[in-house]
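Worksheet: the structure to be examined is printed underneath.
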2 protein chains.
Amino acid sequence: MAIEKSILLTKMDSLEDQTKFQSRTSQVYSSMRSDIITGILRPGHKLKIEELTKTYGVGSSPIREALSLLTSDTLVTRNDQRGFRVVEVSTEEFDELLKTRVLVEQLALKESMLNGDDIWEEKIILAAHRLSRLPRSASSDIFVANDEWDNLHKKFHMSLVSACGSSILIKFCDQLYDQNTRYRHLAAPRSYPMREINVEHDAISTAVVSRNKESSLKLLADHYQRTGSRLRSDIVALLNS
Amino acid sequence: MAIEKSILLTKMDSLEDQTKFQSRTSQVYSSMRSDIITGILRPGHKLKIEELTKTYGVGSSPIREALSLLTSDTLVTRNDQRGFRVVEVSTEEFDELLKTRVLVEQLALKESMLNGDDIWEEKIILAAHRLSRLPRSASSDIFVANDEWDNLHKKFHMSLVSACGSSILIKFCDQLYDQNTRYRHLAAPRSYPMREINVEHDAISTAVVSRNKESSLKLLADHYQRTGSRLRSDIVALLNS
DNA sequence: AGTGAAAAAATTTTATCATTTGTTTTTTCT
DNA sequence: AGAAAAAACAAATGATAAAATTTTTTCACT
């Protein structure tokens, strides 16, 4: 017990240290990234350096460096001599993102099913289970993004591709996932029927664990297509308002 | 004729303007990127800000921004509070890169063959033809990297995936290609037999244009595996020296 | 006089640099 | 060997120059 506690403390300490010794650039990068993905910073918004120095409480250099990093995540666009803005959203971009995600994650899942071991299977089952227990919305009447749900949802989807054997590919899936999350947050914040999403997740887990390639890939694609088409209509509505 | 000339001049002017009004950050980014890919900046090399300000003739801000951009290209690693270095090379990294390239480019080629039109086919044939006419080495006795060859070789391989319908995927292929190019430049600079490479390129073009999916994917994978295994032994030698 | 294009002036904002601050690494000394 | 001091370096700040944008003024023409 005493040992457990000390391990816990050590972990926390190291975590604190990490934050403490993180450069301002890294901190600002994380904050801004999150602000763009959650939609606090709106698509197309002009990112003025001076304004940002005030909101994030740091000088211009860390801001510019963070913006440069975000550029490569395709969350920010740079236009030489005329600054940075949050990338726009469009149905075309969304369609391309969705298509790419289906293709690439199918590929990564296929590879994972070839290489994955028991531990990998258990990771998926566990992630699906934990996710199913969480409410999609943080409030029961109106929809409020639930960070915990977001985290576990990402964990579940990333667990599927985690055994593909290519950290490069995993990183790519991660980026695509985050881009999609931005669209999800921007879409009309209303609570979709949870039950079917969980059913779909479970169906995927089951097919994957039983190593049914055909079915797994089909179910994953259908899942993306279904949630995607709902999101799409929200985006159309958003863009016409 | 007079009109032609004026068009040409306009083009050149706009090109000049672009360079002129490019920020130092962008210029330094391009230069450093090229220096890392061609191996002028060696793997693992410590990238000291002060040193870089001298070699590239700009202040520290553009340097740091360029380094941030290169970080996302996986050509540079950042270590908070202890600066930047050129990413290391290793056989493990190379193997993963090769594997990922085969998987992702096969996927993109498959999609291209589904969507590509006549113009796309002609682009491939033309690129292969032009490439076949260029010498792999700029000098005939010792091996000297030939920029023209490098450019056309990239054009050929990118042409294959260019009709996949996803600019996101194309950009990813582009990045992977450049990472591989670094390994190619780092490998023992010796002139490989050119003839077989051209034969392989032609075989791929022919299969792709005749829309033979099975054969195209196989030939592409074999091509990568073959050039990859030669490269690999050079890298092993390099790392043991 | 009134409209609107063009020019000029004022303002904002970006990009860059020189300098300071704080951390890491190396050297010195006990 | 290990603490203390010195040097080297990264990171961040704030100031300045250069460029873009916005606003105001001018002026030709109905």
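Below, read A as the first sequence line, B as the second, and so on, with proteins coming before strands; counting in each chain starts at 1. All figures in this text were calculated on a predicted structure; none of them were measured in a lab.
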message: Which label fits B:W149 and B:H153: parallel for a plane angle under 30°, tilted from 30 to 60°, or perpendicular past 60°?
response: parallel
- prompt: Which comes earlier along DNA chain D counting from the 5' end, the contact point of B:K48 or that of A:E65, where each point is its nearest nucleotide?
  reply: B:K48
message: Heavy-atom nearest nucleotide on DNA chain C for A:R82 versus B:R82: which residue maps closer to 5'?
response: A:R82
message: Taking only side-chain N and O atoms of A:R24, does any of them lie within less than 4.0 angstrom of OP1 or OP2 on D:dT13?
response: yes
message: Measuring to OP1 and OP2 of C:dA15, would you say a side-chain N or O of A:S60 lies under 4.0 angstrom away?
response: no
message: Is the phosphate of C:dT14 approached by A:K46 (side-chain N or O, under 4.0 Å from OP1 or OP2)?
response: yes
task: Identify the heavy atoms of B:S162 and B:I170 that sit nearest to each other, and give their distance.
output: O-CD1, 3.6 Å
message: On DNA chain D, does the nearest nucleotide to A:D80 precede the nearest nucleotide to B:L47 from the 5' side, or the other way round? Give the residue.
response: B:L47
Gap between atoms CD1 and P, on A:I63 and D:dT13 respectively (whole Å): 9 Å
message: Is the ring pair A:H157/A:Y177 parallel, tilted or perpendicular, if the boundaries are 30 and 60 degrees?
response: tilted
- line: Here the distance between atom P of C:dT16 and atom OH of B:Y29, to the nearest Å, is 16 Å
- prompt: Between D:dA12 atom P and B:I49 atom CD1, what is the distance in whole Å?
  reply: 11 Å
message: How many whole angstroms separate atom CD of A:E51 from atom P of C:dT13?
response: 8 Å
query: Taking the six-membered ring of A:Y224 as reference, does the NZ or CZ atom of A:R101 fall below 6.0 Å from its centre and within a 45° cone about the axis?
result: yes
